[in-house]
There are 4 protein chains.
Amino acid sequence: MASIDRRQREKAQRRQQIQDAASSLILENGYYSTKIEDIAKKIDLTPGALYRHFKNKDELFASLLIDALENLSKKTQVISNDSNLNTEEKIIHYKNSLYETYQTHPLMVRCLIHIQFERVLSNIQTETALQLADVNRKIIDCMQVTFKEGISNGTFIKENPLVYLDMFWGLFTGLILWEEAKKDLNPKKDFLKNTLDKSFSIFLSGIKTEST
Amino acid sequence: MASIDRRQREKAQRRQQIQDAASSLILENGYYSTKIEDIAKKIDLTPGALYRHFKNKDELFASLLIDALENLSKKTQVISNDSNLNTEEKIIHYKNSLYETYQTHPLMVRCLIHIQFERVLSNIQTETALQLADVNRKIIDCMQVTFKEGISNGTFIKENPLVYLDMFWGLFTGLILWEEAKKDLNPKKDFLKNTLDKSFSIFLSGIKTEST
Amino acid sequence: MASIDRRQREKAQRRQQIQDAASSLILENGYYSTKIEDIAKKIDLTPGALYRHFKNKDELFASLLIDALENLSKKTQVISNDSNLNTEEKIIHYKNSLYETYQTHPLMVRCLIHIQFERVLSNIQTETALQLADVNRKIIDCMQVTFKEGISNGTFIKENPLVYLDMFWGLFTGLILWEEAKKDLNPKKDFLKNTLDKSFSIFLSGIKTEST
Amino acid sequence: MASIDRRQREKAQRRQQIQDAASSLILENGYYSTKIEDIAKKIDLTPGALYRHFKNKDELFASLLIDALENLSKKTQVISNDSNLNTEEKIIHYKNSLYETYQTHPLMVRCLIHIQFERVLSNIQTETALQLADVNRKIIDCMQVTFKEGISNGTFIKENPLVYLDMFWGLFTGLILWEEAKKDLNPKKDFLKNTLDKSFSIFLSGIKTEST
DNA sequence: CATGAATGAGAATTCATTCAT
DNA sequence: AATGAATGAATTCTCATTCAT
C-alpha cells in the first residue's frame with residue numbers, strides 16, 4: 001500500500017518536473033520555439049515518455065496555465081472574503097497576488113496572451129477547456145464583486161464596475177508585457193514591481209472619491 | 001523612363017498588396033497560423049512571387065510593424081510640437097493617435113507582443129532590426145518629453161516620468177489585448193474605445209496635481 | 001491557355017504516377033507496410049510532395065479504391081442494360097468484369113477487405129466516404145436487378161435474390177484471397193482464372209432451374 | 001510437486017486469459033488497432049507481463065490462429081473418418097465445423113486473411129511458422145480426401161478435386177468477410193448462418209451428379 | 001516577373017519492447 | 001512473476017524556401 005502511495009508521489013513529481021521544464025523553456029525561448037524534445041532533454045527523458053503524463057503538447061501547456069490560475073483563484077477568494085480589509089486594500093492585495101503568481105508562474109500572462117491572440121491550444125480536450133474557462137471566470141467574478149462593493153460603499157466613483165475590472169486587468173497584463181520586453185534589452189534590473197506599485201496607486205487615486 | 005517609373009509604382013503597389021493580405025490574415029488567424037501560401041493565394045499570387053518582394057517571412061512581418069510604427073511616429077511628433085495643446089491634451093491626443101493607428105494597423109500591438117514574447121523575427125537583417133529599434137525609440141522619446149514637460153509645468157504630480165510612460169504604454173497594450181480577447185467571446189459589440197477613453201481619463205485624473 | 005492545359009495534364013499524370021506506385025507497393029508488401037516514404041521514393045519524390053496531390057495517406061488509398069470501383073461500375077451498367085445478353089450470360093459477364101478489374105486494379109479486393117475488417121481509412125473526408133459508398137451501392141444495385149430478373153423470367157430457382165448476390169460476391173472475394181495466398185507459396189502458376197471460371201459455372205448450375 | 005502442477009495450471013490459465021483478451025480486442029477493433037497495452041489492461045496486467053507468456057506480439061497472434069486451426073483440424077479428422085456419413089453429409093459437416101470454429105474463434109478467418117494479405121506475423125520463430133503450416137495442411141488434406149472420395153464414388157461430377165476444395169474454402173472465407181462487413185452497417189441481424197447454408201446447398205447441388 | 005512543384009529539415013506522436021525495482 | 005516507466009525507432013505530416021521553366 002505504501003508503495004502505491006510512493007508510486008503516485010513519484011508520478012506526481014515527474015509530472016511537476018515536466019511542467020517545470022516546459023515552463024522554464026517557454027519562458028526562455030518562447031511558446032512556439034519550445035519543442036517536446038527540448039523539454040524531454042532538459043530532464044533527461046525521451047519525447048515519448050512525456051506522453052505518459054500529458055496527452056499531447058497542448059494539454060501540457062494548458063496544465064501550466066490551469067495550475068497558475070488555480071493558484072491565483074484561491075488567493076483571490078481569500079482576499080475577497082477577508083472582512084479585515086477595506087475595499088481599497090482588497091484591490092491592492094489582488095494586485096500583489098497577481099504579482100506573486102506571476103513570479104512563481106511567469107507563464108500565466110504569456111499563456112493567457114497566446115490563448116487570446118493565437119487561437120493556440122486547439123488540441124485540448126473539452127474537459128480541459130472547461131476547466132480553464134471555469135477557473136478564469138472564478139477570478140474575474142471575485143474581483144468584480146469587490147469593485148461593485150467599492151462603488152456601493154462610496155469608496156469608488158460611480159461607474160460601470162466592468163470598466164474598473166478591465167482597466168485593472170489591462171494595466172496588469174500590459175505592464176508585465178512592457179517590462180518584460182525592456183528586461184530583454186537591459187536584463188540587469190527589474191523595474192516591474194516598482195512600476196506596478198506606482199501604476200496601481202495612480203489607478204486607485206484615479207477611481208477613488210474625493211472623500212476617501 | 002516613364003515606364004521605369006510605372007514599373008516602380010506597380011512594384012510598390014504589389015508590395016502593399018502583399019502587406020495588406022498578410023496583415024488581414026494574421027489578424028484573422030494569428031501569427032503562426034498564417035502561411036506564406038495563404039498570403040499568396042489571397043492575392044492570386046504564388047509563394048515564390050512573394051520572395052521577389054520580401055527576403056523572407058520575417059522580413060515581411062517586420063515591414064508591417066515598421067510601417068505601423070512610422071505612421072504613429074509621425075503623428076506623435078506633430079502632437080509633441082503642437083503649441084496649441086496643453087500637456088493634458090497632448091496625452092489625450094497620443095492616446096487617440098494610438099487608437100487610430102491600431103484601427104488602421106491592428107497588427108501593431110499584435111506584432112509588438114509577438115516580438116516581445118516570442119523572440120520572433122529572428123530571421124531579419126540587421127538593417128531591418130535597427131530600423132525597428134529606431135522608430136520605436138523615436139515614439140518613446142517623443143512621449144517622454146511630454147510627460148517631463150507636464151511634470152515641470154506642474155500639470156502632473158512629481159514622479160519619474162518613465163513610470164508615467166510605462167503606465168501609458170502598458171495600459172494601452174493591455175487594454176487592446178483584453179478587449180480583443182473579449183471580442184472573441186462576444187463579437188457583437190466593441191467596447192474598446194469606451195474602455196480606453198475611460199481608463200485614460202482615470203489615468204490622467206490619477207497623475208494630475210490637485211490644482212489642475 | 002495551352003500551357004494551362006498541359007499543366008493540368010501533367011498534374012493528373014503525377015497523380016496517376018503516385019497512385020500506381022502506391023498500388024504496386026501495397027500489392028507487394030501489404031497495406032500497412034506501405035509507407036509514404038516508400039511510395040515517394042519509388043517515383044523519385046520526397047514525402048512532402050505527395051501531399052500536394054492527396055490530403056493524407058488514407059485519402060490516397062481511398063482514391064485507389066474509388067477508381068477501381070468506378071471502373072467496375074461502368075462495366076456493370078453496360079452489362080446490365082445489354083439486351084443482347086440473357087440473364088445467365090450477364091452473370092458470366094459480371095464475373096469476367098470483376099476479374100478484369102481485379103487484373104488492372106488488384107487492390108480493389110484487398111482494399112475492400114481492409115475497409116471491411118480494419119476500420120481503416122478513418123482519416124478521410126466525408127465527401128470521399130460518400131463517394132465510396134455511392135459507387136459501391138451502384139454496383140450492388142445493378143447486379144441485384146439481374147438476379148431478380150433471372151428469378152422472374154424462370155432462369156434461376158426462386159430464392160431471395162440477396163442470397164444469390166451474397167454468394168456471388170463472397171465467392172469472388174474468397175477465391176481471390178485464397179488463390180493469392182497460394183500464389184505466395186507457388187508463384188509460378190496462376191490458377192485464379194481457371195478456378196474462378198469453374199466455380200462460377202458450378203454456382204450457376206446450382207441456381208438454375210431444371211428447364212434451362 | 002503438487003504446487004509445481006498448480007503453478008503450471010495457473011500459467012496456462014494466464015496464457016489463455018491473454019489469448020482471450022487479445023482475441024476479443026482484435027475482433028472489436030481490428031488487428032492493427034489492437035495494442036499490447038490494451039490487451040494487458042483488459043486483464044489487469046502490464047505490458048511487460050505479457051512477454052513472460054509470449055515472445056512477442058506476433059507470436060501471441062500466431063498462437064490464436066494455431067489454436068483455432070487445431071480445434072478445426074480435430075473436428076475435420078473425426079468427420080473424415082466417420083463411416084456413418086456419406087460424402088455429401090461430410091461436406092455439410094465440414095461446413096458446420098467451420099462455422100462452429102468461427103463462432104468460438106472468430107479470429108480464424110480474420111487472421112488467415114491478414115496473414116495472407118499483409119505478410120503479417122513476420123516476427124515469428126521458425127517453429128511457430130512450421131506449426132501453422134502443418135495444422136493448415138492437415139485440414140486441407142483431410143478435406144481433399146473427401147472430395148476425391150466423392151468423385152470416385154460417383155457423388156460428385158468428375159473434376160479436379162482441388163477446384164472443389166478451393167471453391168469450398170473460397171466460398172466460406174468470402175461469405176464470412178461479406179456478411180461481417182454487412183453486420184457493421186446493420187448490426188441488428190446476423191444473416192451469416194442462413195447465407196452460408198443456402199450457399200453451400202447451391203454449391204453441392206452444382207457439383208453433384210444427376211443420379212444423386 | 002511569375003509559376004508552382006519540389007525540397008528538406010523538422011516536429012509531434014505512437015508503440016512494441018526492455019529492464020531496474 | 002509482475003510492474004510500469006522509459007526507450008528508440010519509426011512514421012505521418014508541415015511549410016518556408018528554392019528553382020527550372
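In what follows, chains are A, B, ... by sequence order, proteins preceding strands, each numbered from 1. This is a predicted model, so every value here is computed, not measured.
Residues D/Gly48 and C/Lys11 each lie close to DNA chain E; by heavy-atom proximity, the contact nearer the 5' end of the strand is made by C/Lys11. If A/Arg14 and B/Lys57 are placed on DNA chain F by their nearest nucleotide, the residue sitting closer to the 5' end is A/Arg14. Sequence order on DNA chain F of the closest nucleotides to B/Thr34 and A/Thr46 puts A/Thr46 first from the 5' end.
Under the Watson-Crick or G-U wobble criterion, with both distances below 3.5 Å, E/dG8 is paired with F/dC15. Within the shown strands, F/dA20 is the pairing partner of E/dT3 under the Watson-Crick or G-U definition, both distances less than 3.5 Å. In this structure, E/dT13 forms a base pair with F/dA10, meeting either the Watson-Crick or the G-U wobble geometry with both donor-acceptor distances under 3.5 Å.
Distance CG (A/Leu45) to C1' (F/dT7): 10 Å, rounded to an integer number of Å. One atom, CD of A/Glu10, and another, P of F/dA5, lie 9 Å apart when rounded to the nearest Å. Note: NZ (A/Lys41) to P (E/dA11) measures 10 Å, nearest angstrom.
Side-chain atoms of D/Ser24 and D/Lys42 include a donor-acceptor pair closer than 3.5 Å. A/Lys57 and A/Thr34 share no side-chain donor-acceptor pair at under 3.5 Å.
Between C/Glu37 and C/Lys41 a salt bridge is recorded (basic side-chain N to carboxylate O distance below 4.0 Å).
At least one side-chain nitrogen or oxygen of A/His53 sits closer than 4.0 Å to the OP1 or OP2 atom of F/dA6. In this model, the phosphate group of F/dA5 is approached by a side-chain N or O of A/Arg52 to a distance below 4.0 Å at OP1 or OP2. Applying the 4.0 Å criterion to OP1 and OP2 of E/dT13, one finds that A/Asn123 has a side-chain N or O inside that range.
In this structure, the side chain of C/Asn56 engages the main chain of C/Asn123 through a donor-acceptor pair within 3.5 Å.
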